[in-house]
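Report on one structure; see the data block that follows.
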Amino acid sequence: MNQIRILFVCLGNICRSPAGQGALQKVIDDLGISNLFYIDSCGTAGYHIGSLPDPRTRKVAEQEGIKLTHQARKFQPSKDFAEFDFIFTMDDSNYKNIISLAWDDTQKEKVSMFRTFDPIQNDGLNVPDPYYGTINDFELVQEIVTRTSKGFINFLRDEGRIK
Ligand code: 4NP
């Protein structure tokens with residue numbers, strides 16, 4: 001059986017993309033369908049390679065029953081474009097970065113803004129970068145990625161990719 005392979009991408013891979021990875025993992029775990037998926041995350045920058053998610057990211061995830069153990073890594077074009085079906089960017093800047101690294105249309109078609117699947121889009125498609133913000137900004141990220149993960153699962157159902 002082919003798993004659906006999803007890669008979350010942000011800048012540092014310590015705030016938004018590990019939050020997205022954890023939130024989607026929780027949604028599929030709760031639905032009992034985690035065997036259908038492989039989920040990972042990475043950053044466009046390498047500042048934090050090997051680090052656990054930011055303590056504030058881990059704290060708000062933990063409040064939702066999510067333990068984040070991912071270690072930050074940088075996007076690797078040759079490997080990641082081949083390995084993943086969906087490459088979800090968290091903001092416009094990540095999107096432009098990843099698209100600029102693609103060398104064919106098949107790769108470009110895999111890349112989209114994660115919030116395309118957010119049922120509530122009145123503040124745009126970016127997941128706002130919380131790094132220089134307060135705990136409230138991290139809570140907002142958690143709220144957005146949880147809601148959007150559910151939206152993505154509904155999309156896969158509508159497309160007949162999962163039951
Ligand atoms: P992330 O947040 O891209 O959501 O992981 C950031 C993490 C680190 C930095 C910027 C954003 N930084 O400048 O180190």
Side-chain angles (χ1 to χ4, degrees), residues 4-29 37-102 107-153 155:
I4 301 172
R5 302 178 68 89
I6 298 146
L7 180 64
F8 287 90
V9 186
C10 63
L11 175 62
N13 192 209
I14 55 167
C15 301
R16 294 164 294 172
S17 60
Q21 177 182 1
L24 182 58
Q25 188 67 51
K26 169 90 162 59
V27 169
I28 62 176
D29 285 348
F37 294 84
Y38 175 77
I39 311 172
D40 193 9
S41 67
C42 68
T44 57
Y47 318 131
H48 300 281
I49 290 173
S51 299
L52 283 174
D54 186 284
R56 298 163 294 178
T57 303
R58 283 187 277 149
K59 184 175 178 201
V60 300
E62 204 136 305
Q63 286 165 358
E64 303 299 318
I66 300 167
K67 187 165 173 62
L68 299 179
T69 57
H70 177 75
Q71 292 184 310
R73 72 170 180 91
K74 194 176 173 189
F75 183 74
Q76 294 177 262
S78 53
K79 172 181 166 288
D80 290 327
F81 280 128
E83 196 167 309
F84 290 93
D85 305 308
F86 293 93
I87 298 175
F88 287 147
T89 56
M90 305 309 261
D91 69 23
D92 290 330
S93 162
N94 315 143
Y95 181 84
K96 284 187 195 126
N97 247 303
I98 297 296
I99 285 287
S100 75
L101 295 169
Q107 296 170 339
K108 284 181 191 158
E109 282 162 13
K110 293 181 176 187
V111 186
S112 59
M113 294 283 279
F114 184 44
R115 286 192 76 184
T116 311
F117 301 100
D118 187 348
I120 302 175
Q121 294 183 347
N122 50 19
D123 59 342
L125 288 182
N126 288 329
V127 181
D129 184 348
Y131 189 63
Y132 294 105
T134 68
I135 197 73
N136 292 340
D137 299 298
F138 284 81
E139 283 168 354
L140 176 63
V141 168
Q142 185 66 42
E143 200 178 297
I144 292 170
V145 295
T146 299
R147 196 171 70 213
T148 304
S149 293
K150 292 174 183 166
F152 175 57
I153 293 300
F155 161 81

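Residues: numbered from 1 along the sequence shown. Just so you know, ligand 1 is whichever comes first in the structure, and atom 1 is the first atom listed for that ligand.
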| So, are K110 and D85 salt-bridged, with charged N and O less than 4.0 Å apart? | no
| task | Looking only at protein heavy atoms, identify the closest one to atom 11 (C) of ligand 1 and say how far it is in Å. | result | D129 OD2, 3.2 Å
| field | Within-cut-off N or O pair, Y47 and ligand 1, under 3.5 Å | value | no
| request: Would you give the length of the straight line joining atom CD of E139 to atom CG of D137, rounded to the nearest 0.5 angstrom? | output: 9.5 Å
| For the ring pair F86 and F114, is the centre-to-centre distance below 6.0 Å? | no
| field | Residues R5 and D40 bridged, charged N to O under 4.0 Å | value | no
| query | Any idea which atoms of ligand 1 are less than 4.0 Å away from a heavy-atom of L11? | reply | 3 (O), 10 (C), 11 (C)
| remark: Within 4.0 Å of some non-hydrogen atom of Y132, the atoms of ligand 1 are 13 (O)
| remark: For C10, the atoms of ligand 1 under 4.0 Å from one of its heavy atoms are 1 (P), 3 (O), 4 (O), 5 (O)
| What are the two closest heavy atoms between P53 and R58, and how far apart are they? | O-NE, 2.8 Å
| message | Counting only nitrogen or oxygen atoms and a 3.5 angstrom limit, does I14 reach ligand 1? | response | yes
| What residue and heavy atom of the protein are closest to atom 12 (N) of ligand 1, and at what distance? | Y131 CE2, 3.5 Å
| task | Classify the contact between H48 and ligand 1 as side chain, backbone, both or neither, using a heavy-atom distance cut-off of under 4.0 Å. | result | side chain
| query | Taking 4.0 angstrom as the limit, do K26 and E64 come out as a salt bridge? | reply | no
